[in-house]
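Let me begin by presenting the structure, written as structure tokens, before commenting on it.
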Amino acid sequence: MKQLFYPLIVVVTALVVGFGLSYYSLEDGRELTATHYGVWSGWPELGTAQIDPYSRAHLARQGMLPLGKGEGVRFAARKDAEDNWLRGDCRYTMQGHMPNHALWTVQVRNPVTRQVYGHVESGQMLFGPNGEIDLTIAPQVQPGNWLNTDGLERIELLLTLYDTNAFSKLGSEEIALPQLVKEAC
Amino acid sequence: MGRFALWFLAGLILGGIIHLSVILLVPNFAERDAWSRLAKIAPDQAFIALDHGNEELARALQLDPALSYGVCQFDLARGPMFIDGKLPHSFWSIAVAARDGRVIYSTTSRAGSGDEIKIGVFNPAQSRLLAEEGLDIGQGFLIVNAPSDQLTAIVRLWPDHDALRQRYDQALESISCTQDSVI
């Protein structure tokens, strides 16, 4: 029995480390490699032929249609500016400027099932005098620009900027995407 | 204790090898990736507009509900592929993606080609033939060199209004995706 102890240690350690690390690096741990812009995080390099093996594995596992870098960039937000989880029964404001683009969209979805419950696009928006956006994200109808959360408990926002070169230029790390502030719950 | 540490270290190294193998092999064995899902609905050598009402597909492929999508799957092992069509005057983009999700090529309506898409997709051997013997291809085609044979062309089209969706879907399905070398 004692002879089996050490080989067993090797096998158990290898399996736990091998599969555990793989699962972590494709799920929660993937956030560690994301580029962050305030509350938004994403992988601007994802849509290129030179993506790293982790991103390839992530794409295969997620099953999503890839978005080429020349087409656009997608960011996700799961927390507000105060680092609290986004909730569908709260009211948030999204204010600021978007980097150069042809079109942008914001989706609200369930972070687990990925079911989309509402979306808005730049073509429907009212903009401020300097091109700034002021969008209210809430379960009840709001004046001005409004995105319905459908009252979900936990939500995730997806911001997609189409035809933007802002993230491939030098100094792109200085870009400020619109902030997400909780107003009330 | 020293012996335990040695065996534990061996476990860690083996674990690292397993980890790297899993990461490298996942794209080859994924059965629910975008390619496999589209293979069930996409016809051979033709663009199909993805159904807006299919919530399961939209969720799986993580489609943006603001856009209309047209896809064509093809295999360069049977010959180079030519994508040719005219789209409505709105924002559109096209990507050519490998089976594992890598985007080989992408462009948008603002890149200067107007509302026309003219792309020829070649694998390395076909590219060599093209350079050496000069295949007969239509005028104005942009040549894309693909490192692998199994590819998906994805066109995203933005309908300014929902009422335009049906017409835009027809426009997506009218894009040709064929191996005819002269178009």
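Please read all numbers here as calculations on a predicted model, not as lab measurements. Per chain, numbering begins at 1; letters A, B, ... match sequence-line order.
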**OP:** Answer yes or no: does atom CD of A/Q115 have more than 12 heavy-atom neighbours from other residues, nucleotides or ligands under 6.0 Å?
**Re:** yes

Subject >> Over 12 foreign heavy atoms within 6.0 Å of CD, A/Q124 >> reply: yes

Original post:
Checking B/S176 side chain against B/D84 main chain: does a donor-acceptor pair fall under 3.5 Å?
Top reply: yes

Subject >> Between A/T105 and A/E121, a side-chain donor and acceptor under 3.5 Å >> reply: no

Original post:
Of all of B/P147, B/A58, B/P27, B/G101, which one pairs up most often with chain A through heavy atoms under 4.5 Å apart?
Top reply: B/P27

Original post:
chain B: which of A/V16, A/V17, A/L65, A/L67 shares the most heavy-atom pairs with it under 4.5 Å?
Top reply: A/L65

Original post:
Relative to the ring of A/W104, is the ring of A/H101 parallel (under 30°), tilted (30 to 60°) or perpendicular (over 60°)?
Top reply: perpendicular

Subject >> Under 4.5 Å from any heavy atom of chain A - which part of B/A66 >> reply: both

Original post:
So which of B/L61, B/L14, B/L38 has the largest heavy-atom pair count under 4.5 angstrom toward chain A?
Top reply: B/L61

Original post:
Hey, which of A/W43, A/W40, A/Y37 is the one that makes ring pair (Phe, Tyr, Trp, His ring centres under 6.0 Å) with A/F75?
Top reply: A/Y37

**OP:** Between chain B and each of A/A102, A/G70, A/P53, count heavy-atom pairs under 4.5 Å; write down the option with the most.
**Re:** A/A102

Original post:
Who among B/V96, B/I17, B/L6, B/I18 has the most heavy-atom pairs with chain A under 4.5 Å?
Top reply: B/I18

Original post:
Is chain A contacted by the side chain of B/F91, its backbone, both, or neither, given a heavy-atom distance below 4.5 Å?
Top reply: side chain

Original post:
In terms of heavy-atom pairs under 4.5 Å with chain B, which of A/G68, A/S22, A/G20, A/S55 leads?
Top reply: A/S22

**OP:** State which residue, out of B/S68, B/S90, B/S109, fulfils the side-chain contact (heavy atoms from CB on, under 4.5 Å) condition with B/W158.
**Re:** B/S90

**OP:** Would you tell me whether A/T160 and A/R74 have side-chain atoms, one donor and one acceptor, within less than 3.5 Å of each other?
**Re:** yes

Original post:
So what's closer than 4.5 Å to chain B heavy atoms on A/L103: side chain, backbone, both or neither?
Top reply: side chain

Original post:
Any idea which of B/D100, B/V22, B/D64, B/V71 has the most non-hydrogen atom pairs under 4.5 angstrom with chain A?
Top reply: B/D64

**OP:** Check whether B/Y69 gets within reach of chain A through its side chain, its backbone, both or neither, counting any heavy atom under 4.5 Å.
**Re:** side chain

Subject >> Partner chain A: residue of B/E56, B/R3, B/H19, B/R102 with the largest heavy-atom pair count (under 4.5 Å) >> reply: B/H19

**OP:** Could you tell me which of B/D160, B/L67, B/I104 has the largest number of non-hydrogen atom pairs under 4.5 Å with chain A?
**Re:** B/L67

Subject >> Single hit among A/R114, A/Q107, A/R78 for side-chain contact (heavy atoms from CB on, under 4.5 Å) with A/E156 >> reply: A/R78

